[in-house]
Amino acid sequence: MATWRPDGPEIDRRGVLRAAPALALALALPQSAASEEGLPLLHGVAMHGVPALKPGFDKLPYVRADAPKGGRLVYGWLGGFDTLNPYAYKGAQAQGLRGFVYESLLARSYDEPFSLYGLVAETVGLPDERDFIVFHLDPRARFSDGERVTPDDVVFTFELLRDHGHPTFRSNYRRVKGVTVEDERTVRFDLSGSEDRELPMILGLMPVLAAHATDVASFEETTFKPLVGTGPYVISAVEPGRSVTFRRDPDYWAAGLPVNRGLNNFDEIRYDYYRDGNAMFEAFKKGLIDVRPEGDATRWTSGYDTPAVRRGDILLESFKSGLPWGMNAFVFNTRKPVFSDVRVREALGFLFDYEWVDRNMFASATLRTQSYYEGSELSSQGRPADARERELLAPFPGVVRDDILEGRWSASRTDGTGRDREKLRQALDLLSAAGWSAKNGELRRDADGEPMRFEIMVSTKEQERLSLAYVRGLERAGIRATVRLADSIQAFRRMQTYDFDMILYNWVSSLSPGAEQKKYWSVAAADTPGERNYMGVKQPAVDAMIAALLVARERPDFVSAVRALDRVLLSGFYVVPLFHVKEQWIARWKTVERPETTPLYGPALETWWRAPSSAG
């Protein structure tokens, strides 16, 4: 879904851009509708509890069902791309592919923490134990070339992504025990032994690719030839690295489904790529870009004083969502010896002067991030651990610091001068305890006299500016840090192989964190290229907390497991937390209109439309 988070990656339109007893099956569909295995045929499934929308719903609650169709929408995107295959490991993928061109078996509602409804799969069968899931395909489902979607295509896609897809797909799908075609509309996945209650949901978010039009031998290579999908758009034009244009498919098979009413309103959608953020902003002001999510607080508070804004041609809007803000931070690569000691990592956090940065660079319009699940009930910030959290953490004594366990910890706060002597003293004391001393103005390791030096890799001018401010704080402790500005594709490749000392990264989160947490923090992910355990954390307690949240049936148990995970990560000081903006900000030309209702996850741009008077 085109749900916008400032400075965050794209969130897929149809899937993961984020517990009561398992499904109350009798409530989902009438008992008369049952599969051959005796399970009710469900119109939707939820990670915890039952879906909010009842059988027979006519639309998603945040759309305008009769939204006008037509016109073009132009997005701006910072960076570049070198592949149109979003499912393979190699290359930087173009934006918008997942959801526009490739859609999943089930469609996600972004007004609920994690609920899925029928799309390519019309109905599903799922037992309380979640040890298998059955997908019943919609007989109307078609690929963009007109061919019918079959169970064989589902099995083909599953095996293709399991064996040749991005590591995320490989690790998830290899936990499936088996897959069988039951009949001409039905596919059954055996999940016995996985002990992962989210795995059926993950499979529901699987795309369906055309077996008759997909070359397995070249699947893992970068390509500017799109795959054949089932989505509402097809790619009509590509300028490698510069733009991608999507054209709405007039024969899209699912246009009339309840999950699609009021969606996909533009005849054409184009992503234009920019190497420089300032150039992209100027393009927006000139009308070359229609909609702009804004993550720069200084620009939001002072940069939009333009004639178009004063005339009312550009509208500035602030949105509040129920989403966690996630963790935006400087990230230590603990695979590097210089960052292997937790005391060193904590000390370097004292040298980042957030208060100075917020006032001088962002017009005091940001808030300090204090949790990996900031801004939601999942955050441990300011909350003492409950009995369930303490029970989960008991096998790992000492892993969580007392102040973090009791909810007393907060990120370092300075006097805002840029030269806080007390924070410098605290940092040097910790560094001394870790075996580092300042000698002749340079911090050196006591054991061998090696100076502390490292590189901060960035991919945007904004990141560079922020990093240089941090470097000035590090210099006060005798630490020699340099900032390296890499282009987006080079930075992406280095991040995939963990070839960096420090980076800036924003882990976005949902209200239902699940198996993706393994990609972010697990022991296995630390040594698997292409995952997002950029800090290289290898902490068994982290894996245990992830396991606990994945098997939780009751919402309170789930929340406790996530908060316990938050406390373990915070105690490791794997990052220097940065900040988040106070609201979601979007600027749009008034020729683009939107529904009155904003979903739980924030603005959903695929529900917007071109004003009829300007759609020409």
If only atom types and distance count, is the side chain of [X] paired as donor or acceptor with the main-chain N or O of [Y] below 3.5 Å?
X	Y	value
Glu355	Thr414	yes
Asp190	Val179	no
Ser115	Glu112	no
Thr334	Met535	yes
Asp403	Trp409	no
Asp501	Glu455	yes
Tyr117	Leu53	yes
Asp566	Val562	no
Ser318	Trp585	no
Glu374	Gln370	yes

Counting C-beta onward and ignoring hydrogens, is there a side-chain heavy-atom pair between [X] and [Y] closer than 4.5 Å?
X	Y	result
Lys177	Ser192	yes
Thr168	Tyr89	no
Leu257	Leu119	yes
Leu578	Leu504	yes

Full working for salt bridge (charged side-chain N to carboxylate O under 4.0 Å, His left out) between Arg197 and Glu129: CA-CA 8 Å; Arg197 296 184 62 77; Glu129 296 80 8; over 6 Å; no

Does either side chain, that of [X] or that of [Y], offer a donor lying less than 3.5 Å from an acceptor on the other one?
X	Y	result
Thr366	Tyr354	yes
Ser522	Asp543	no
Gln584	Ser321	yes
Ser560	Asp386	yes
Arg108	Tyr601	yes
His580	Thr369	yes
Gln93	Thr83	no
Glu377	Ser379	no

Who pairs with Arg390 by side-chain contact (heavy atoms from CB on, under 4.5 Å), at least two apart in sequence or on another chain? Ala385, Leu405

side-chain contact (heavy atoms from CB on, under 4.5 Å) filter on Ala548, not counting sequence neighbours, yields Leu392, Ala561

Once the angle between the rings of [X] and [Y] is folded into 0 to 90°, is it parallel (under 30°), tilted (30 to 60°) or perpendicular (over 60°)?
X	Y	value
Phe330	Tyr470	tilted
Phe189	Phe158	perpendicular
Trp521	Tyr372	perpendicular

Looking at [Y] and [X], is there a salt bridge between them, counting it only when a charged N and a carboxylate O are closer than 4.0 Å?
X	Y	answer
Arg493	Asp499	no
Glu406	Arg567	no
Arg388	Glu391	yes

Under 6.0 Å between ring centres: does that hold for [X] and [Y]?
X	Y	result
Tyr110	Tyr62	no
Phe558	His48	yes
Tyr520	Tyr534	no

For the residue pair Leu378 and Arg563, what are the closest heavy atoms and their distance? O-CG, 3.2 Å

With sequence neighbours left out, write down each residue that passes ring pair (Phe, Tyr, Trp, His ring centres under 6.0 Å) with Phe332, or none if nothing qualifies. Phe339

Checking Arg383 now: which residues fulfil salt bridge (Lys or Arg N to Asp or Glu O under 4.0 Å) with it, not counting sequence neighbours? none

If the condition is salt bridge (Lys or Arg N to Asp or Glu O under 4.0 Å), which residues does Glu195 pass it with, not counting sequence neighbours? none

Output every pair passing salt bridge (Lys or Arg N to Asp or Glu O under 4.0 Å) with a member in residues 163-176, not counting sequence neighbours, ordered by first then second residue. Arg170-Glu220, Arg175-Asp196

Distance check, rounded to the nearest 0.5 Å: Lys320 atom NZ versus Leu600 atom CG? 14.5 Å

Would Arg335 pass as a cation-pi partner of Tyr498, given that its NZ or CZ must be under 6.0 Å from the six-membered ring centre and within 45 degrees of the axis? yes

